Q: 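This is the structure I have questions about; it appears just below.
For clarity, every value in this text was computed on a predicted model and none was experimentally measured.
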Amino acid sequence: MRALLVFLLTAPAALAQPFGSQEHDFRLVRVVEGLEQPWSLAFLPDGRMLVTEKAGRLRIVEQGKLLPQPVAGLPEVTVHGQGGLHDVALHPRFDKNQLLYLAYAARGPDGVGTELARAHLNGRRLDDVQVLFRQSPKGNRGQHFGGRIVFDRAGYLYLTLGDRGEMARAQKPDDHAGSVIRLHDDGRVPQDNPFAGRAGWKPEKFTLGNRNMQGAALHPLTGALWTHEHGPQGGDEVNVIRAGANYGWPVITYGRNYGLGTQIGEGTRKQGMEQPIHYWVPSIAPSGMAFYTGERFPRWKGNLFVGALRDRMLVRLELDGEKVVKEERLLQNAIGRIRDVRAGPDGFLYLLTDDGAGVLARLEAL
């Protein structure tokens with residue numbers, strides 16, 4: 001980590017751009033360029049970073065440089081529409097077991113859907129790859145794979161799944177689509193999952209009624225899982241995830257049908273269905289999110305940061321408990337479509353841009 005910090009702090013001035021915000025002035029430092037549609041970022045204990053590329057490559061950034069050869073031994077990834085290699089996450093005890101987890105699109109007899117695998121990271125290759133979960137049924141459309149992985153404080157694993165472009169699937173009990181999935185770290189289904197043991201329900205389901213969640217993070221104080229999801233034409237949401245909750249899609253939504261602008265479902269509210277704690281109309285197309293808990297930006301502490309593909313920006317949300325009290329939009333059109341946001345162990349914020357020549361960048365205080 002020390003070597004990485006030395007490199008980043010001495011990066012050429014030409015690679016850094018200054019910006020202002022309501023709480024902190026900062027500069028944007030381009031750490032690595034030339035990534036192909038990067039999707040997710042994880043920090044290894046030794047200071048290296050892992051970056052997924054949608055095409056099915058896992059890359060290593062070491063001492064500020066992108067190693068030319070991808071990590072070997074990944075499971076087979078299917079690139080299909082929006083699907084490909086998505087998230088990478090480390091086991092909470094990675095320093096002892098070297099286990100990492102990948103969410104990705106894969107083909108099966110009934111189409112393409114999201115899968116979850118774990119493996120041992122052994123230098124620059126993966127060993128002992130195990131597929132722990134396969135979405136069922138899969139599907140033929142190219143949209144809404146979800147694909148974020150989060151471990152909670154008790155060691156349970158959560159995987160977000162989209163509705164696969166078929167909205168009615170998000171309300172079906174016997175369908176994984178449009179749900180948060182909850183598992184043990186070895187893929188077993190927890191006995192206290194809300195639908196485990198109920199006839200006709202997929203036991204892995206933790207929620208239902210979600211459209212396409214591409215951001216997920218644990219609240220630093222409560223330990224609750226927060227997610228955001230894409231709405232259709234408007235209606236992107238931030239939600240606090242609760243066991244067995246129905247988040248409404250497509251029965252209720254703040255979005256409208258594409259192009260026509262007509263109503264979807266029954267309106268914006270219905271008894272027994274959750275309300276988002278925040279939503280966007282028009283859409284920002286959110287992807288990736290992180291709570292900031294570091295010391296380098298003290299007035300951002302506790303804020304929620306959300307990447308946005310539309311308008312190519314970073315959104316900062318100030319919170320009062322589970323209420324958003326202020327929103328600030330940063331870096332509009334400054335770097336590209338922001339696909340992932342991560343709070344680094346060094347106290348900096350890191351961003352990935354979704355592009356054929358994608359960028360890994362970081363924010364540092366001025």
Q: Distance from L58 atom CG to L121 atom CG, nearest 0.5 Å?
A: 7.5 Å

Q: Please confirm whether the backbone N or O of D186 pairs with a side-chain atom of H184, one donor and one acceptor, at under 3.5 Å?
A: no

Q: Is there a donor in the side chain of N257 and an acceptor in the side chain of T262, or the other way round, less than 3.5 Å apart?
A: yes

Q: Do W39 and V51 belong together in a cluster built from hydrophobic side chains that touch within less than 4.5 Å?
A: no

Q: Answer yes when E115 and K138 have at least one side-chain N-carboxylate O distance shorter than 4.0 Å, and no when they do not.
A: yes

Q: Looking at R125, is its backbone amide N or carbonyl O close enough to the side chain of N122 to form a donor-acceptor pair, meaning the two atoms are under 3.5 Å apart?
A: no

Q: Identify, with sequence neighbours excluded, every residue that meets ring-ring contact (aromatic ring centres under 6.0 Å, His included) alongside W201.
A: F195

Q: Using the rule given for side chain to side chain contact (heavy atoms under 4.5 Å, CB included), can you reason through H176 versus K202, listing the C-alpha separation, both sets of side-chain angles and the distance that settles it, and then say yes or no?
A: CA-CA 7 Å; H176 287 131; K202 295 286 191 185; 3.6 Å; yes

Q: Using atom types as modelled, flag every donor-acceptor pair under 3.5 Å from a side chain in residues 68-78 to any protein atom, sequence neighbours excluded.
A:
residue: T78; atom: OG1; partner: R107; partner atom: N; Å: 3.2

Q: Any side-chain donor-acceptor pair under 3.5 Å between Y247 and Q275?
A: no

Q: Mind listing the closest non-hydrogen atom pair of I149 and L102 along with its distance?
A: CD1-C, 3.8 Å

Q: What residues form a side-chain contact (heavy atoms from CB on, under 4.5 Å) with E327, not counting sequence neighbours?
A: H278, W280, V315, L317, R329

Q: Counting distance only, does the side-chain N/O of E274 pair as donor-acceptor with the main-chain N or O of P276 below 3.5 Å?
A: no

Q: For the pair K172 and D174, find out whether any cationic side-chain nitrogen is under 4.0 Å from an anionic carboxylate oxygen.
A: no

Q: If you apply the rule side chain to side chain contact (heavy atoms under 4.5 Å, CB included), what do you find for I277 with K323, and how did you get there?
A: CA-CA 6 Å; I277 67 164; K323 182 179 180 181; over 6 Å; no

Q: We want to know whether H230 and D236 form a side-chain donor-acceptor pair, criterion being a heavy-atom distance below 3.5 angstrom.
A: no

Q: Parallel, tilted or perpendicular: which describes the rings of F297 and W300, with under 30° parallel and over 60° perpendicular?
A: parallel

Q: So, do R124 and I60 sit near enough that their side-chain heavy atoms are less than 4.5 Å apart?
A: yes

Q: Checking side chain to side chain contact (heavy atoms under 4.5 Å, CB included) for the pair L352/I338: CA distance, chi angles, key distance, verdict?
A: CA-CA 6 Å; L352 285 174; I338 296 176; over 6 Å; no

Q: Distance-only check: which donor-acceptor pairs under 3.5 Å involve side-chain atoms of residues 305-314, not counting sequence neighbours?
A:
residue: R310; atom: NH1; partner: S283; partner atom: O; Å: 3.3

Q: Does any N or O in the side chain of H24 come within less than 3.5 Å of the main-chain N or O of R299, such that one atom is a donor and the other an acceptor?
A: yes

Q: Does a side chain donor of either H144 or D163 reach within less than 3.5 Å of an acceptor in the other side chain?
A: yes

Q: Donor-acceptor pair, R30 side chain versus L360 backbone, under 3.5 Å?
A: no

Q: In terms of side-chain heavy atoms, does N246 have a donor or acceptor partner in Q171 at a distance below 3.5 Å?
A: yes

Q: Between the side chains of R118 and Q130, is a donor N or O closer than 3.5 angstrom to an acceptor N or O?
A: yes

Q: Go through R316 and E23 one step at a time and tell me if the side chain to side chain contact (heavy atoms under 4.5 Å, CB included) criterion holds.
A: CA-CA 11 Å; R316 181 178 69 88; E23 298 295 342; 3.7 Å; yes

Q: Is the ring pair H91/F151 parallel, tilted or perpendicular, if the boundaries are 30 and 60 degrees?
A: tilted

Q: State, to 0.1 Å, how close P194 and G244 come at their nearest heavy-atom pair, and which atoms those are.
A: CG-N, 3.4 Å

Q: Indicate if L28 and V341 have the same hydrophobic cluster label, given that clusters are the connected sets of ILVMFWY residues with side-chain heavy-atom separations under 4.5 angstrom.
A: yes

Q: Measure the shortest side-chain to side-chain distance between H86 and T52 over non-hydrogen atoms and say whether it is less than 4.5 angstrom.
A: no

Q: To the nearest 0.5 Å, tell me how far M49 CE sits from L41 CG.
A: 6.5 Å

Q: Side-chain contact, heavy-atom cut-off 4.5 Å: L161 with F133?
A: yes

Q: Ignoring hydrogens and geometry, is there a side-chain-to-backbone donor-acceptor pair from H219 to T222 under 3.5 Å?
A: yes

Q: Verify the distance criterion only: is there a donor paired with an acceptor across the side chains of H228 and E237 at less than 3.5 Å?
A: no

Q: Are F145 and Y104, when compared by the centres of their aromatic rings, separated by less than 6.0 Å?
A: no

Q: Keeping to residues at least two apart or across chains, list the salt bridge (charged side-chain N to carboxylate O under 4.0 Å, His left out) pairs with something in residues 189-198.
A: R182-D192

Q: Tell me whether D175 is salt-bridged to R164, with the criterion being a basic N under 4.0 Å from an acidic carboxylate O.
A: no

Q: Closer than 3.5 angstrom, by distance alone: can the side chain of T253 be matched with the main-chain N or O of P250 as a donor-acceptor pair?
A: no

Q: With side chains defined as the heavy atoms from C-beta onward, is the minimum distance between D185 and L157 less than 4.5 Å?
A: no

Q: Mark yes or no for whether T207, through its side chain, and A245, through its backbone, hold a donor-acceptor pair below 3.5 Å.
A: no

Q: Please identify which of these residues, D354, D87, D355, meets the salt bridge (charged side-chain N to carboxylate O under 4.0 Å, His left out) condition with R339.
A: D354

Q: Quick one: CG on D128 to CG on L99, what's the gap to the nearest 0.5 Å?
A: 8.5 Å

Q: Is it true that R342 and D340 have a side-chain N and a carboxylate O under 4.0 angstrom from each other?
A: yes

Q: Which is it for D95 and R93 under the salt bridge (charged side-chain N to carboxylate O under 4.0 Å, His left out) test, yes or no, and what are the steps along the way?
A: CA-CA 5 Å; D95 58 338; R93 297 187 299 278; over 6 Å; no

Q: Which heavy-atom pair separates L218 from F291 by the least distance, and what is that distance?
A: O-CD1, 3.1 Å

Q: Give a yes or no on whether the backbone of A16 and the side-chain of R27 come within a donor-acceptor separation of less than 3.5 Å.
A: no

Q: Of all residues at least two apart in sequence or in a different chain, which pass the side-chain contact (heavy atoms from CB on, under 4.5 Å) check with Q143?
A: Q82, R141

Q: Determine the minimum heavy-atom distance between E295 and P298, stating which atoms define it.
A: O-CD, 3.5 Å

Q: Near Q22 CD, under 6.0 Å, is it more than 12 heavy atoms from other residues, nucleotides or ligands?
A: yes

Q: Is the backbone N or O of I241 less than 3.5 Å from a side-chain atom of N239, with the two atoms forming a donor-acceptor pair by type?
A: no

Q: Are the side chains of L319 and V324 in contact, using a 4.5 Å heavy-atom criterion?
A: yes

Q: If every non-hydrogen atom of A343 is compared with every non-hydrogen atom of A290, which pair is closest and at what distance?
A: N-CB, 3.9 Å

Q: Test N210 against E229 for side chain to side chain donor-acceptor pair (under 3.5 Å), laying out the working first.
A: CA-CA 7 Å; N210 301 104; E229 62 185 78; 3.0 Å; yes

Q: Heavy atoms, side chains only, cut-off 4.5 Å: are R269 and I252 in contact?
A: no

Q: Which heavy atom of A170 sits nearest to which heavy atom of W249, and what is that distance?
A: CB-O, 3.6 Å

Q: Look at atom OH of Y158 and say whether more than 12 heavy atoms of other residues, nucleotides or ligands are closer to it than 6.0 Å.
A: yes

